There are 2 protein chains.
Amino acid sequence: MGDGSEIERQVIDRLNAHDLRFTVARRQIVKALRGVDGPVTLPELLDLAPDLAQSSAYRNLALLEDAGIVRRLVHSTDHARYELAEVLTEHHHHLVCDRCGVVRDIAFSDETEELLDQEIAEVAAAERFHVTRHILDLHGLCSDCVAATS
Amino acid sequence: MGDGSEIERQVIDRLNAHDLRFTVARRQIVKALRGVDGPVTLPELLDLAPDLAQSSAYRNLALLEDAGIVRRLVHSTDHARYELAEVLTEHHHHLVCDRCGVVRDIAFSDETEELLDQEIAEVAAAERFHVTRHILDLHGLCSDCVAATS
DNA sequence: TTGCTTGCAAATGATTTGCACTGCT
DNA sequence: AGCAGTGCAAATCATTTGCAAGCAA
C-alpha cells in the first residue's frame with residue numbers, strides 16, 4: 001500500500017517537472033495501468049477506464065510517455081501496447097503470444113540480467129553504440145492457444 | 001559464394017512448399033534483403049529495388065513471411081522493418097537508434113545465448129508458455145546521433 | 001488456357017490533430 | 001480571466017485489398 005502512494009508521488013513529480021497537471025483522465029490511465037499484469041492496448045485501456053475519450057487517451061499516453069511515466073510497446077502492426085515506465089515499476093520482460101496477441105510480464109534472475117548487461121556493454125563498446133536499455137521479448141504460444149491448437 | 005546459392009535454394013524450396021513461384025519481384029526482394037546489414041523499411045526496400053511496385057512489395061513480403069523466408073519486425077509505430085528469416089541467415093539481435101531509427105544487426109557470444117536459452121526455458125516452464133523464439137533489441141543512440149547530440 | 005502475379009487506385013484502420021468548449025487556478 | 005485539458009469529428013499515413021491486365025506452366 002505504501003507502494004501505491006510512492007508510485008503516485010513519482011507520477012506527480014514527473015508531471016510537475018513537465019508542467020502537466022494530474023487530471024482525472026491521467027489519474028485513470030495510471031490507475032488502470034497499475035492494475036494489470038502486462039501492457040495493454042488502447043481498446044483495453046478504454047475498457048478499464050470507460051469514461052475516457054479515445055483521443056484523450058492517445059493524447060495523454062503520448063504526454064505521459066514524454067514525461068517518462070508510460071512506455072509504449074509495439075509488438076505487431078495493429079494496436080500498440082502501453083505500460084508504466086520501469087522507473088515506476090521494475091525491470092521486466094514479456095511473454096508474447098503470437099496467436100492471440102496477449103502479453104504478460106515476466107522477470108529474469110538477477111544473475112542472468114547481470115550477465116546480459118555485461119555482454120551488452122561489450123557489444124555496445126565494440127559497435128560504438130550508446131545503449132540505454134534493452135528489450136527482451138519471448139514469443140510463442142500461451143497455454144490457452146496451445147490447448148486450442150490441438 | 002557457395003553461401004549465396006545455398007540461400008537461394010532454400011528460398012526456392014520454401015516457395016515451392018507454399019505453391020509460390022520465384023518471380024522477378026520476389027527475386028529482387030530477397031536479393032535486396034541479402035545486401036544489407038540490418039532490417040529495412042518498405043521505402044528503403046523500394047529504393048533498393050526501384051522497379052518494384054509498393055503494393056507488390058507489401059504483398060510479396062507478406063507471402064514470403066508466411067513461407068518462412070522473411071521476418072517482419074516492428075520497432076516503432078511508423079514503418080515496419082523486414083529481414084531474411086533466421087533459418088536463412090543466423091540468429092542475431094538488433095541495435096536500434098531511438099533518434100534516427102536505424103537498425104543494425106549484432107550477435108552475442110554462444111555462451112550468452114546458451115545461458116539465455118536456459119533461463120528462458122525455465123521461465124517458460126514456470127509460466128506454462130510455449131516459447132518459440134526470443135527477440136532482444138538494444139535501444140539507444142548510434143554514434144552519428146551521439147555526435148549530433150552535442 | 002488456367003491461374004498465379006502485378007500495378008493502379010480505392011479502402012481500411014490505428015493514430016493524430018483542428019477546433020470549440022470545459023474547468024482548474 | 002486565462003490557459004491547460006477535453007471530446008468530437010476530420011485528417012493522416014502505413015498497410016491492405018478489389019480489379020483488370022500480364023505472364024508463366
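As a basis for the values below, the full set of heavy atoms in this structure was taken, side chains included, without hydrogen atoms, waters or symmetry mates. Note that this is a predicted model, so its numbers are computed, not measured. Just so we're on the same page: letters track the sequence lines, and every chain starts at 1.
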Subject >> Qualifying residues under side chain to side chain contact (heavy atoms under 4.5 Å, CB included), relative to B:Ile106, sequence neighbours excluded >> reply: A:Val123, A:Glu127, B:His93, B:Leu95, B:Phe108, B:Leu138
**OP:** Could you list where the contact with chain B starts and ends along DNA chain D, reading 5' to 3', using a 4.0 Å heavy-atom cut-off?
**Re:** D:dA14 to D:dA24
Original post:
Quick one: A:Leu20 CG to C:dT25 P, roughly how many Å, whole number?
Top reply: 13 Å
**OP:** Nearest-nucleotide wise, let me know which of B:Arg21 and A:Pro43 is further upstream toward the 5' end of DNA chain C.
**Re:** B:Arg21
Residues 20-27 of chain B, side-chain donor-acceptor partners within the protein, below 3.5 Å, at least two apart:
unit_1  : atom_1 : unit_2  : atom_2 : d
B:Thr23 : OG1    : B:Arg26 : N      : 3.4
B:Arg26 : NE     : B:Asn60 : OD1    : 2.7
B:Arg26 : NH1    : B:Arg21 : O      : 2.9
B:Arg26 : NH2    : B:Asn60 : OD1    : 3.2
B:Arg27 : NH2    : B:Phe22 : O      : 3.1

Original post:
In residues 53-67 of chain B, which residues come under 4.0 Å of DNA chain C by heavy atom?
Top reply: B:Ala53, B:Ser55, B:Ser56, B:Arg59, B:Asn60
Original post:
In whole angstroms, how far is the P atom of C:dT15 from the CG atom of A:Leu73?
Top reply: 12 Å
**OP:** Can you sort out the partners of B:Thr41 under side chain to side chain contact (heavy atoms under 4.5 Å, CB included), two or more places apart, ordered by chain and number?
**Re:** B:Pro43, B:Glu44, B:His79, B:Arg81
Original post:
Going by atom types alone, do A:His134 and A:Glu119 pair a side-chain donor with an acceptor below 3.5 Å?
Top reply: no
Original post:
Do other residues, nucleotides or ligands put more than 12 heavy atoms under 6.0 Å from B:Arg128 CZ?
Top reply: no
Original post:
Does the side chain of B:His75 come under 3.5 Å of the side chain of B:Asp137 through a donor N or O and an acceptor N or O?
Top reply: yes
Original post:
After noting the C-alpha distance and the side-chain angles of B:Leu116 and B:Leu136, does the key distance pass the side chain to side chain contact (heavy atoms under 4.5 Å, CB included) rule?
Top reply: CA-CA 10 Å; B:Leu116 210 48; B:Leu136 176 47; 4.1 Å; yes
**OP:** Could you state the atom-to-atom distance from CZ of A:Phe22 to C1' of C:dT25 in whole Å?
**Re:** 18 Å
**OP:** With sequence neighbours excluded, tell me which residues meet ring-ring contact (aromatic ring centres under 6.0 Å, His included) with B:His139.
**Re:** none
Original post:
Within this structure, what is the CG-to-P distance between A:Leu46 and C:dT15, rounded to whole angstrom?
Top reply: 11 Å
